[in-house]
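Below: one structure, written as structure tokens.
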There are 2 protein chains.
Amino acid sequence: MKKRNTHPDKPDNTADKILKAARAVFAQNGYSGTHMDEIARRAGVNKATLYYQIGDKDTLYANVIHQVLGNIAQGIAETVAQAEKPEDKLQAYINCLVAAVDKNPEMPSIMMREVAADGAHLPQVVAHDIASVLSVLINVLDDGRKKGVFTDTTPFLVHSMIMGTILFYKKVSPIKDRQAFIPASLIARDRKLKGDLAVEVGKLVLKAIDKERSS
Amino acid sequence: MKKRNTHPDKPDNTADKILKAARAVFAQNGYSGTHMDEIARRAGVNKATLYYQIGDKDTLYANVIHQVLGNIAQGIAETVAQAEKPEDKLQAYINCLVAAVDKNPEMPSIMMREVAADGAHLPQVVAHDIASVLSVLINVLDDGRKKGVFTDTTPFLVHSMIMGTILFYKKVSPIKDRQAFIPASLIARDRKLKGDLAVEVGKLVLKAIDKERSS
DNA sequence: TTAAACTATTTAACTATTCGGTTAAACTGT
DNA sequence: ACAGTTTAACCGAATAGTTAAATAGTTTAA
């Protein structure tokens with residue numbers, strides 16, 4: 001009997017090896033910049049095996065996207081629901097997003113490219129997942145506003161602020177550390193994040209939409 | 001005598017037509033997803049003319065990037081310097097960025113892809129421009145902190161917040177309006193931006209880093 | 001003024017290569 | 001013998017880049 005994959009994080013079957021390689025290459029080079037031959041090479045399999053196991057480029061990309069972006073929605077909804085106060089719900093929401101990005105280092109690149117392309121390659125399933133995440137945020141903001149703890153906000157703007165901040169920071173801050181093109185004088189003046197990214201972002205966002213001292 | 005280009009915004013010369021078309025196509029499809037034939041077609045010229053006028057794909061892309069991202073730096077530095085108080089400087093900074101994006105609708109897509117690709121295609125000139133913009137922000141934050149009006153922030157996080165918010169909102173909000181994949185129930189619950197994007201972002205960011213009632 | 005000579009620009013047609021996808025044969029375990 | 005899986009070799013379309021000839025515009029010279 002063939003050795004079965006008991007530990008999903010340590011893929012020993014061919015399809016998982018391919019998906020893992022594909023995730024890395026798609027994140028690095030985007031859809032058009034990714035070549036099937038390179039994925040096969042990085043996965044250590046023949047290209048025909050790739051087609052046998054998964055299918056064509058579109059299908060492979062859809063799998064990667066789903067693996068990276070899907071399955072976040074449910075976790076967020078559950079975790080947010082466990083918190084009581086709107087502030088705690090919002091912090092929980094941000095925690096989940098940061099945790100998802102930490103678990104999936106390819107997420108920022110893939111999401112940014114997908115946004116840049118107007119979601120041209122997004123499968124329906126994933127689009128639904130994203131919408132679901134968004135609706136959780138809208139509910140939290142709405143709830144907080146009704147309870148008088150949040151100001152009257154533009155939900156899409158707050159969403160852009162949370163996502164934009166997390167994704168940008170995750171992508172830009174390593175570039176800076178690699179000193180790729182930022183002059184040393186700038187790095188010297190930079191401060192390290194004091195705590196967890198989720199906590200820092202939570203502080204900023206909560207303060208920004210706090211009702212107490214609204215202008 | 002050949003009709004000369006007196007009004008730079010109404011390009012009548014071949015190179016400008018090509019650059020304009022290239023800007024649109026690169027923004028829409030990214031570097032690898034863009035084909036020289038399509039640019040030539042959209043510019044209404046023969047592909048060989050494109051090569052004669054500008055050069056190969058890398059050169060063309062570098063030109064587009066420079067046109068879109070370059071030349072922002074100087075304007076920002078000047079405008080920010082004219083403001084007195086750190087709060088006004090920061091608002092001016094944000095105003096400039098939003099104005100730049102408004103003037104250059106292709107900027108969000110191109111910047112996002114460039115960030116996603118770790119700036120792989122960025123010419124040195126443009127990298128320098130970006131660093132210069134960043135240093136303006138760092139100085140403003142530093143100044144505000146010393147004067148006791150801003151909290152002690154992580155500059156790169158604030159930068160990510162400003163850029164991320166603007167770029168994401170600019171890209172995501174039209175997607176939503178086109179109803180591409182966001183369900184109608186979400187759109188219904190959304191609020192329109194009350195005022196200018198720059199003003200709204202300015203309010204949020206200033207409140208987020210305001211010293212008065214820091215936790 | 002005119003026509004020849006010359007230069008800059010544009011074009012259709014072509015080439016070489018890359019790349020997504022296929023095929024038929026070989027290999028593996030049951 | 002047989003089903004599941006992998007592979008080397010191959011195919012055709014797409015695509016970055018080239019070439020040589022045609023065209024348009026400018027200068028020169030009588």
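Everything quoted here is computed from the prediction, not taken from an experiment. In the text below, chain A, chain B and the rest are named by the order of the sequence lines, each starting its count at 1.
As the counterpart of dA30(D), dT1(C) is assigned, both hydrogen-bonding distances of the Watson-Crick or G-U wobble pattern falling under 3.5 Å.
Applying the side chain to side chain donor-acceptor pair (under 3.5 Å) test to Gln91(A) and every residue at least two apart in sequence or in another chain returns Asn95(A). Asp196(A) meets the side chain to side chain donor-acceptor pair (under 3.5 Å) test with no other residue; sequence neighbours excluded. Residues that satisfy the side chain to side chain donor-acceptor pair (under 3.5 Å) test with Thr79(A), not counting sequence neighbours, are absent from this structure. Considering only residues two or more places apart in sequence or on other chains, Asp88(A) meets the salt bridge (charged side-chain N to carboxylate O under 4.0 Å, His left out) condition with none of them. Partners of Ser109(B) according to the side chain to side chain donor-acceptor pair (under 3.5 Å) rule, which considers only residues two or more places apart in sequence or in another chain, are Lys171(B). For Phe26(A), the ring pair (Phe, Tyr, Trp, His ring centres under 6.0 Å) partners at least two apart in sequence or on another chain are Tyr61(A). With sequence neighbours left out, Val133(B) forms a side chain to side chain contact (heavy atoms under 4.5 Å, CB included) with Ala73(B), Ile76(B), Tyr93(B).
Listed candidates were dT11(C), dT22(C), dT10(C). Nearest to the side chain of Tyr51(A) is dT22(C).
Contact of the Ile162(A) side chain with the Ile94(A) side chain is registered, since non-hydrogen atoms from C-beta on lie closer than 4.5 Å.
At whole-Å resolution of the value, CG in Asn13(A) and P in dT5(D) are 10 Å apart. Distance, Ile18(B) CD1 to dT10(C) C1': 11 Å, rounded to whole Å. Leu50(A) has its CG atom 15 Å from the P atom of dC19(C), to the nearest Å. Rounding to whole angstrom units, CZ of residue Arg41(B) and C1' of dT15(D) are separated by 14 Å. Straight-line distance from the CD1 atom of Ile39(B) to the P atom of dG17(D): 11 Å, rounded to whole Å.
Legend: salt bridge (charged side-chain N to carboxylate O under 4.0 Å, His left out) pairs involving residues 97-106 of chain A, not counting sequence neighbours, sorted by first then second residue: Arg23(A)-Glu106(A), Asp102(A)-Lys170(A).
Listed pair Thr49(A) / dT5(D) fails the phosphate criterion, with no side-chain N or O lying under 4.0 Å from OP1 or OP2. Contact check, Thr14(A) against dT6(D): a side-chain N or O comes under 4.0 Å of OP1 or OP2.
A distance-only check finds no donor-acceptor pair linking the side chain of Thr59(B) to the backbone of Gly55(B) [under 3.5 Å].
Contacts between residues 30-37 of chain B and DNA chain C, defined by a heavy-atom separation below 4.0 Å, involve no residue at all. Within a heavy-atom distance below 4.0 Å of DNA chain C, the residues of residues 52-66 of chain B found are Tyr52(B), Gln53(B).
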Could you pull out the protein-nucleic contacts involving nucleotides 19-24 of chain D (nitrogen or oxygen on both sides, under 3.5 Å)?
none

Table please: side-chain donor-acceptor pairs of residues 27-34 of chain A below 3.5 Å, with sequence neighbours left out.
unit_1: Tyr31(A); atom_1: OH; unit_2: Asp58(A); atom_2: OD1; d: 2.5
unit_1: Thr34(A); atom_1: OG1; unit_2: Val25(A); atom_2: O; d: 3.2
unit_1: Thr34(A); atom_1: OG1; unit_2: Gly30(A); atom_2: O; d: 2.6

